[in-house]
Amino acid sequence: MRYEKIELTYSYNSLEPYIDEETVKTHYTKHLQGYVDKLNNVLKGYEKFTEGKTLEQILSNPNKIPKKIYRDVINQGGGVLNHNLYFSILFPYPKKEPEGKLLNEIVSTFGSLEMLKKLVSEAAINKFGSGYGWLVKDKRGKLKVANSSNQDTPLSFGFTPILTIDVWEHSYYLKYKNLRGDYVKNIWNLIDWARVEELYKKDNLA
Ligand code: MN
């Protein structure tokens with residue numbers, strides 16, 4: 001199996017002014033592409049292991065990854081999966097708020113959409129070092145806010161991610177320098193709740 005990055009449904013400059021063109025372009029064509037190339041390289045010779053498996057399936061069952069390539073698959077595979085999710089939930093003209101079942105679940109779990117956004121923002125901002133803030137669902141569809149280090153994905157811990165904020169410095173440093181909080185505050189203008197709703201409705205991956 002060969003694993004690929006998603007196609008963007010928007011141009012590099014269309015997330016401005018919140019995320020600048022050079023950051024989107026470098027992030028997608030250099031950082032994400034680097035994870036794609038390294039992952040496929042690491043998996044050479046392991047075709048029997050990868051045959052018929054999606055990346056989600058591989059990372060949902062980390063104990064089945066061959067020991068010799070375990071760390072590389074977690075890091076590079078997580079890099080592909082996490083970035084594919086990140087780029088897929090951003091959109092220049094996003095649906096601004098969730099509705100229906102997802103909104104109901106957000107309100108009953110966190111009190112309000114504003115409170116959820118505050119908690120995800122804090123999880124992202126307070127991540128020490130490189131990582132991600134998340135909204136995830138568990139096997140019963142219950143929502144949870146989390147953060148993770150490096151390229152670890154919630155899938156490996158039994159949760160299905162439905163929203164993420166990349167807080168590696170490469171995702172904001174060109175424009176925001178050290179001001180991670182400003183980037184996190186602004187990214188909500190780009191998060192497409194239509195896409196998050198889709199992911200919430202889909203079957204659990206983990
Ligand atoms: Mn990144």
Side-chain angles (χ1 to χ4, degrees), residues 3-42 55 59 71-96 114 116-136 145-157 159 161-193 195-196 199:
Y3 299 96
E4 299 291 350
K5 63 184 188 313
I6 59 153
E7 294 293 323
L8 293 186
T9 56
Y10 45 85
S11 57
Y12 300 136
N13 66 0
S14 64
L15 302 184
E16 292 193 353
Y18 308 114
I19 307 178
D20 60 288
E21 177 175 9
E22 197 183 349
T23 294
V24 177
K25 189 175 178 189
T26 307
H27 201 174
Y28 178 76
T29 66
K30 304 291 185 196
H31 291 276
L32 173 49
Q33 188 63 50
Y35 287 113
V36 168
D37 294 343
K38 284 179 195 151
L39 174 65
N40 287 303
N41 206 32
V42 160
L55 194 48
L59 291 170
R71 186 38 59 189
D72 285 336
V73 171
I74 293 291
N75 290 344
Q76 309 301 340
V80 176
L81 191 86
N82 295 339
H83 283 104
N84 278 346
L85 177 68
Y86 172 78
F87 283 114
S88 78
I89 62 162
L90 301 179
F91 199 64
Y93 310 103
K95 179 172 175 177
K96 294 271 200 256
E114 284 316 303
L116 166 73
K117 285 160 83 168
K118 182 172 177 281
L119 293 171
V120 174
S121 296
E122 284 172 359
I125 291 165
N126 294 335
K127 175 73 255 169
F128 183 75
S130 296
Y132 295 80
W134 303 95
L135 176 62
V136 302
V145 169
N147 59 19
S148 67
S149 292
N150 304 316
Q151 292 297 353
D152 288 353
T153 167
L155 279 180
S156 301
F157 303 92
F159 298 97
I162 64 172
L163 185 161
T164 189
I165 301 176
D166 185 346
V167 288
W168 281 59
E169 282 186 345
H170 64 232
S171 62
Y172 63 88
Y173 202 84
L174 292 179
K175 180 180 172 73
Y176 292 93
K177 299 297 184 285
N178 59 315
L179 302 178
R180 183 191 283 189
D182 288 358
Y183 155 75
V184 169
K185 185 179 170 211
N186 279 345
I187 203 170
W188 292 105
N189 293 296
L190 300 168
I191 289 177
D192 185 7
W193 284 98
R195 177 72 181 136
V196 182
L199 292 166

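Every heavy atom of this structure was used, including side-chain atoms; hydrogens, water molecules and symmetry mates were not.
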Please find the pair of heavy atoms, one from [X] and one from [Y], that lie closest to each other, and give the distance.
X      : Y      : answer
Leu32  : Phe87  : CD2-CD1, 4.0 Å
Asp192 : Lys95  : OD1-N, 2.9 Å
Asn13  : Ser11  : OD1-OG, 3.0 Å
Val184 : Ala124 : CG2-CB, 4.2 Å
Tyr132 : Asn150 : CE1-O, 3.5 Å
Ala123 : Ala146 : CB-O, 3.7 Å

Any side-chain heavy-atom pair from [X] and [Y] closer than 4.5 angstrom?
X      : Y      : answer
Ser148 : Thr153 : no
Tyr172 : Ile165 : no
Val42  : Val73  : yes
Val136 : Ile162 : no
Leu90  : Val24  : no
Leu39  : Leu55  : yes
Pro92  : Leu15  : yes
Tyr3   : Leu81  : no

Say you draw a straight line from [atom1] of [X] to [atom2] of [Y]; how long is it, rounded to the nearest 0.5 Å?
X      : Y      : atom1 : atom2 : answer
His83  : Trp168 : NE2   : CH2   : 7.5 Å
Leu135 : Leu116 : CG    : CG    : 5.5 Å
Thr26  : His31  : OG1   : NE2   : 6.5 Å
Leu8   : Asn84  : CG    : CG    : 9.5 Å
Tyr35  : Asn75  : OH    : CG    : 8.0 Å
Asp20  : Tyr12  : CG    : OH    : 14.0 Å

Within a 6.0 Å radius of atom [atom1] on [X], are there more than 12 heavy atoms belonging to other residues, nucleotides or ligands?
X      : atom1 : value
Tyr18  : OH    : no
Lys175 : NZ    : yes
Lys118 : NZ    : no

Partners meeting side-chain contact (heavy atoms from CB on, under 4.5 Å) with [X] (sequence neighbours left out):
X      : result
Asn126 : Glu122
Ser171 : His27, Tyr86, Asp166, Tyr183
Thr9   : Phe91
Lys96  : Pro94

Verdict with supporting geometry, Ile89 and Leu199, side chain to side chain contact (heavy atoms under 4.5 Å, CB included): CA-CA 10 Å; Ile89 62 162; Leu199 292 166; 4.0 Å; yes
Partners meeting side chain to side chain donor-acceptor pair (under 3.5 Å) with [X] (sequence neighbours left out):
X      : result
Lys117 : none
Tyr176 : Asn186
Thr164 : none

With sequence neighbours excluded, tell me which residues meet salt bridge (Lys or Arg N to Asp or Glu O under 4.0 Å) with [X].
X      : answer
Glu4   : Arg2
Arg195 : Glu198
Lys5   : none

Full working for side-chain hydrogen bond (donor to acceptor under 3.5 Å, both in side chains) between Ser149 and Asp152: CA-CA 6 Å; Ser149 292; Asp152 288 353; 6.0 Å; no
Quick test of your reading: applying salt bridge (Lys or Arg N to Asp or Glu O under 4.0 Å), list the pairs with at least one residue in residues 177-190, sequence neighbours left out, ordered by first then second residue.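 Applying salt bridge (Lys or Arg N to Asp or Glu O under 4.0 Å) to every pair that reaches into residues 177-190, excluding sequence neighbours, yields nothing.
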What pairs meet the salt bridge (Lys or Arg N to Asp or Glu O under 4.0 Å) rule with one or both residues in residues 21-32, with sequence neighbours excluded?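 For residues 21-32: none.
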Would a distance-only check, ignoring hydrogens and angles, find a side-chain to backbone donor-acceptor pair under 3.5 Å from Asn82 to Gly78?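 The answer is yes, because a donor-acceptor pair under 3.5 Å joins these two groups.
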